[in-house]
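Quick note: numbers below take in every heavy atom, side chains included, and nothing from hydrogens, waters or symmetry partners. A quick note: this is a predicted structure, and the numbers were derived from the prediction, not measured.
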Amino acid sequence: MSDSREELAKQVVGYLVEIFAGKCSITQESLQNTPDDPALGEIQAGLLFLHEELVARERERAVAMDELQTALAGLRSQHDALLRSKALTDELSTPIVKAGNGILMMPLIGTLDDARSTLVLERILSAIKEERARFVILDITGVPTIDQSSARYFVRFASATRLLGARAMLAGIRPAVAQSLATLNVDLAGLVAVRNLEEALRICSEKSSPASR
Amino acid sequence: MSVQIQARPYGPESTAEEIAAIKSRMTLLSPKVVQWEEMPVQTPFTVSLMIEAMAEISKDMPEFYLLVDLSKANTPTQPVRAALVKSMSNFKNLTRIVCYTGRNFLLNVAAQFVLSAVMQSNAWVYKTREDALKVLT
């Protein structure tokens with residue numbers, strides 16, 4: 001390699017190293033002042049434009065990253081709010097009331113789907129353990145319809161309650177629900193069904209009295 | 001009375017006459033060739049005006065070529081180069097671009113940067129108008 005080519009290569013590599021480090025000593029002004037070597041001028045101009053492009057892209061990337069972080073923070077905040085809202089909805093959709101000594105009651109209103117039935121079962125079993133309950137009344141006066149899956153949950157509810165040493169009762173079965181339960185292919189033998197909440201409480205009270213023990 | 005374009009940056013504060021004068025630098029040279037006489041000092045604003053004028057001229061042309069006269073232009077800044085690339089890429093009927101720079105080596109390089117981003121092929125940079133026109137005939 002001739003001396004001049006070696007010198008040129010050294011200069012170009014020097015500029016590339018600068019650009020790699022995010023700097024560039026070539027400027028539009030310095031280019032205008034060196035018209036004596038057009039070939040070097042073109043190389044320097046190319047390197048300067050490349051550096052300017054990289055800086056602009058880096059700036060755009062930083063702005064995009066900021067926007068992304070802001071959007072992500074907004075999404076996280078929305079997600080947290082949704083989780084809080086869901087927790088509150090779950091709480092409200094499966095309220096457990098202490099209806100007397102060792103008696104728990106859960107009034108249910110609205111449709112029972114798989115998710116809600118699972119939640120009911122989890123919360124009841126947990127409450128039985130915590131409250132050392134002996135009776136659990138599931139008041140389904142407000143449940144308009146029932147499907148096979150929900151009916152199976154009632155059977156599981158009765159079995160699981162029994163395993164924890166308590167007795168389960170279904171109160172307030174509507175005629176339409178009764179019809180569904182009768183026609184669905186589910187063994188309801190383990191379920192104690194009573195007409196309404198009043199009757200359920202009376203039975204609990206009788207079975208809790210010292211005479212019945 | 002037509003306004004004389006000066007070698008200074010024009011922005012959104014430009015008068016209606018100045019805007020008309022800037023846009024008039026885009027002309028139809030022949031049925032298929034649009035000529036862009038670049039401003040002495042380009043800004044993203046002047047680029048947007050030229051692009052508007054080019055869109056107006058080429059709207060009914062299924063295909064057109066662009067002849068860009070950079071012989072009296074200064075070297076475009078990075079924001080101008082970015083604006084050029086972004087707006088020119090939208091012309092699907094622009095199939096050929098030829099620039100001539102009048103021996104300004106800085107413009108030669110700047111034009112190659114812009115053209116390579118707008119079009120992978122069918123783009124050329126020449127020093128003289130005569131050489132540039134040969135590609136379009």
Would you say the side chain of A/Gln28 lies within less than 4.5 Å of the side chain of B/Leu106, judging by non-hydrogen atoms? yes
Please list, chain by chain and in numerical order, all residues satisfying side chain to side chain donor-acceptor pair (under 3.5 Å) with A/Glu198, sequence neighbours excluded. none
Once side chain to side chain donor-acceptor pair (under 3.5 Å) is applied, do any residues pair with B/Tyr10, and if so which ones, sequence neighbours excluded? none
Check each atom of B/Ala82 against the heavy atoms of chain A and say whether the ones under 4.5 Å are side chain, backbone, both or neither. neither
How close do [X] and [Y] get, counting heavy atoms only, and between which atoms?
X        : Y       : result
B/Asn108 : A/Glu42 : ND2-OE2, 3.8 Å
A/Phe49  : B/Thr75 : CZ-CG2, 3.4 Å
B/Gln78  : A/Glu52 : CG-O, 3.7 Å

Might you confirm whether atom [atom1] of [X] has over 12 heavy atoms from other residues, nucleotides or ligands at distances under 6.0 Å?
X        : atom1 : value
B/Gln4   : CD    : no
B/Glu63  : CD    : yes
A/Arg132 : CZ    : no

